[in-house]
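Structure first, then comments.
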There are 2 protein chains.
Amino acid sequence: MFSKACEYGIKAAIFIAINSKEGKLVSPKEISEEIDSPQAFTAKILQELVRHKIVSSVKGAYGGFEIDKIRIDSIKLSQIVKAIDGDKIYIGCGLGLETCNENHPCPVHDKFKTIRDELKYMLEHTSLQELALSIKAGNSFFKV
Amino acid sequence: MFSKACEYGIKAAIFIAINSKEGKLVSPKEISEEIDSPQAFTAKILQELVRHKIVSSVKGAYGGFEIDKIRIDSIKLSQIVKAIDGDKIYIGCGLGLETCNENHPCPVHDKFKTIRDELKYMLEHTSLQELALSIKAGNSFFKV
DNA sequence: TATAAATAGGATAAAATTATCCGAAATAAA
DNA sequence: TTTATTTCGGATAATTTTATCCTATTTATA
Ligand code: FES
Ligand code: FES
């Protein structure tokens with residue numbers, strides 16, 4: 001469904017959000033240990049999230065990554081997915097046609113579009129805030 | 001969402017179904033031209049579909065691929081997806097945890113599972129028959 | 001100002017997916 | 001039985017994704 005990079009990106013963003021709520025910066029090392037991902041690869045993904053202004057970085061000694069507290073509630077999963085995997089997943093054709101087009105649909109268009117739109121809606125209405133809370137409350141987990 | 005291989009497999013199966021309804025065998029060449037896919041790669045995928053007994057092959061001169069007419073209505077998309085991409089898409093975790101587990105869920109589990117189950121239901125209830133009919137009726141297309 | 005710690009980013013490698021090529025095996029028809 | 005045609009299957013190549021490594025740059029503190 002999502003690329004590995006995107007999975008790591010989502011988990012990383014949640015972990016950063018949790019720490020930012022407590023005013024704590026986190027490093028790629030801490031992040032990758034917590035979310036069970038390769039460190040250097042995770043660092044690349046963090047750079048991408050910074051470029052897309054989803055997280056911000058503090059360079060130099062005592063630096064790290066954080067997310068503006070005030071924005072944690074307004075950042076939606078859709079932004080992270082779009083930043084890393086692009087929007088193929090919500091607007092692309094299920095059978096790989098160049099574009100998904102109502103007027104020239106592929107055989108699964110009607111059925112696929114329904115699901116895809118629900119996925120899009122879900123991603124657009126799921127905030128980092130609620131995911132961070134579920135982790136903090138011990139109701140969900142980053143790794144086995 | 002699906003791999004390229006799976007997209008080609010689905011389209012190929014639909015095209016074979018259409019021709020089998022008319023008692024016609026089709027070759028990888030005809031298939032790949034019709035569904036706009038690389039021929040040799042498509043041939044590999046056809047072999048996989050044969051191994052999974054979704055389509056049957058007639059070897060040698062005047063051979064080709066076909067689907068038992070009587071089974072076209074009972075073959076569901078889920079069988080093709082499972083044969084080529086496995087079942088990760090219906091039972092896998094959205095954030096890549098080893099297994100999706102109610103008792104040890106990832107942060108997106110509840111929201112993701114809903115969508116995933118709907119996708120599963122859709123694939124399990126969409127038959128080759130109905131997709132073949134929509135193509136035949138000119139209501140859908142394999143390529144731009 | 002010097003030092004140490006941290007992100008940024010380029011180069012490279014490994015693995016998976018996608019794609020091509022070619023010969024072997026099967027088989028219908030001549 | 002020979003020939004032509006067609007699937008099967010192994011080997012290989014190209015591309016994309018995933019992952020690692022190393023150096024440059026930034027910056028807080030001593
Ligand atoms: S055209 Fe294929 S999903 Fe819309
Ligand atoms: S545990 Fe992640 S989707 Fe169920």
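Values below: every heavy atom of this structure, side chains too, minus hydrogens, waters and symmetry copies. Chain letters run A, B, ... following the sequence lines, proteins first and then strands; every chain starts at 1.
Looking at the side chain of Phe65(B), the nearest of the listed nucleotides dT20(C), dT29(D), dT7(D) is dT7(D). Distances were taken from every side-chain heavy atom of Phe41(B) (C-beta onward) to each of dA19(C), dT29(D), dA28(C); the shortest belongs to dA19(C). Nearest nucleotide to the Pro38(B) side chain, out of dA26(C), dA19(D), dT20(C): dT20(C). Each of dT18(D), dC21(D), dC8(D) was ranked by its minimum atom distance to the side chain of Ala40(A); first place goes to dC21(D).
Taking side-chain N and O atoms only, Tyr8(B) has a distance below 4.0 Å to OP1 or OP2 of dA19(C). Phosphate proximity of dC8(D) to Gln47(B): absent, as no side-chain N or O sits under 4.0 Å from OP1 or OP2. Between dA8(C) and Arg51(A), no contact under 4.0 Å exists linking OP1 or OP2 to a side-chain N or O.
The backbone N or O of Ser78(B) sits less than 3.5 Å from a side-chain atom of Tyr90(B), completing a donor-acceptor pair.
Note on Val26(A): only backbone sugar-phosphate atoms sit closer than 4.0 angstrom, heavy atoms only; bases stay farther off. As judged by a 4.0 angstrom heavy-atom cut-off over every strand, Gly60(A) is placed among the base-contacting residues.
As a whole-Å value, the separation of Leu49(A) CG from dT7(C) P is 14 Å. In this entry the distance linking CD1 of Ile35(B) with C1' of dA19(C) reads 14 Å, nearest Å. Remark: P of dA28(C) and OH of Tyr62(B) are 12 Å apart, rounded to the nearest angstrom. Counting to the nearest Å, the C1' atom of dT6(D) and the CD atom of Glu66(B) are 14 Å from each other. For the pair Ile45(A) CD1 and dA8(C) C1', the interatomic distance rounds to 15 Å; values are reported in whole Å. Regarding Lys59(A), its NZ atom lies at a distance of 11 Å from the C1' atom of dA24(D), rounded to whole Å. Atom CD of Gln39(B) is separated from atom C1' of dC8(D) by 14 Å (rounded to the nearest Å). What separates CD of Glu7(A) from C1' of dT17(D) is a distance of 13 Å, to the nearest Å.
Both Thr42(A) and Ser27(B) lie near DNA chain D, and the one whose nearest nucleotide falls closer to the 5' end is Ser27(B). A residue-by-residue look at Lys44(A) and Gly64(A) shows that Gly64(A) has its nearest nucleotide of DNA chain C further toward the 5' end. Of the two residues contacting DNA chain D, namely Ser3(A) and Ala43(B), the nearest-nucleotide position lying further toward the 5' end is that of Ala43(B). Each of Ala61(A) and Ser57(A) was assigned the nucleotide of DNA chain C with the nearest heavy atom; the assignment lying further toward the 5' end belongs to Ala61(A).
Side-chain contact of Thr42(B) with Ser32(B): a donor-acceptor pair under 3.5 Å is absent, judged by distance alone.
With sequence neighbours left out, the side-chain contact (heavy atoms from CB on, under 4.5 Å) criterion links Glu34(A) to Phe15(A), Phe142(A).
The residues Lys111(B) and Glu130(A) are annotated as salt-bridged, a charged nitrogen and a carboxylate oxygen being separated by less than 4.0 angstrom. Lys11(A) and Glu7(A) are not joined by a salt bridge, as no carboxylate oxygen comes within less than 4.0 angstrom of a charged side-chain nitrogen.
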Pair Leu25(A)-Phe65(A), side-chain contact (heavy atoms from CB on, under 4.5 Å): steps then yes or no: CA-CA 5 Å; Leu25(A) 289 173; Phe65(A) 295 90; 6.0 Å; no

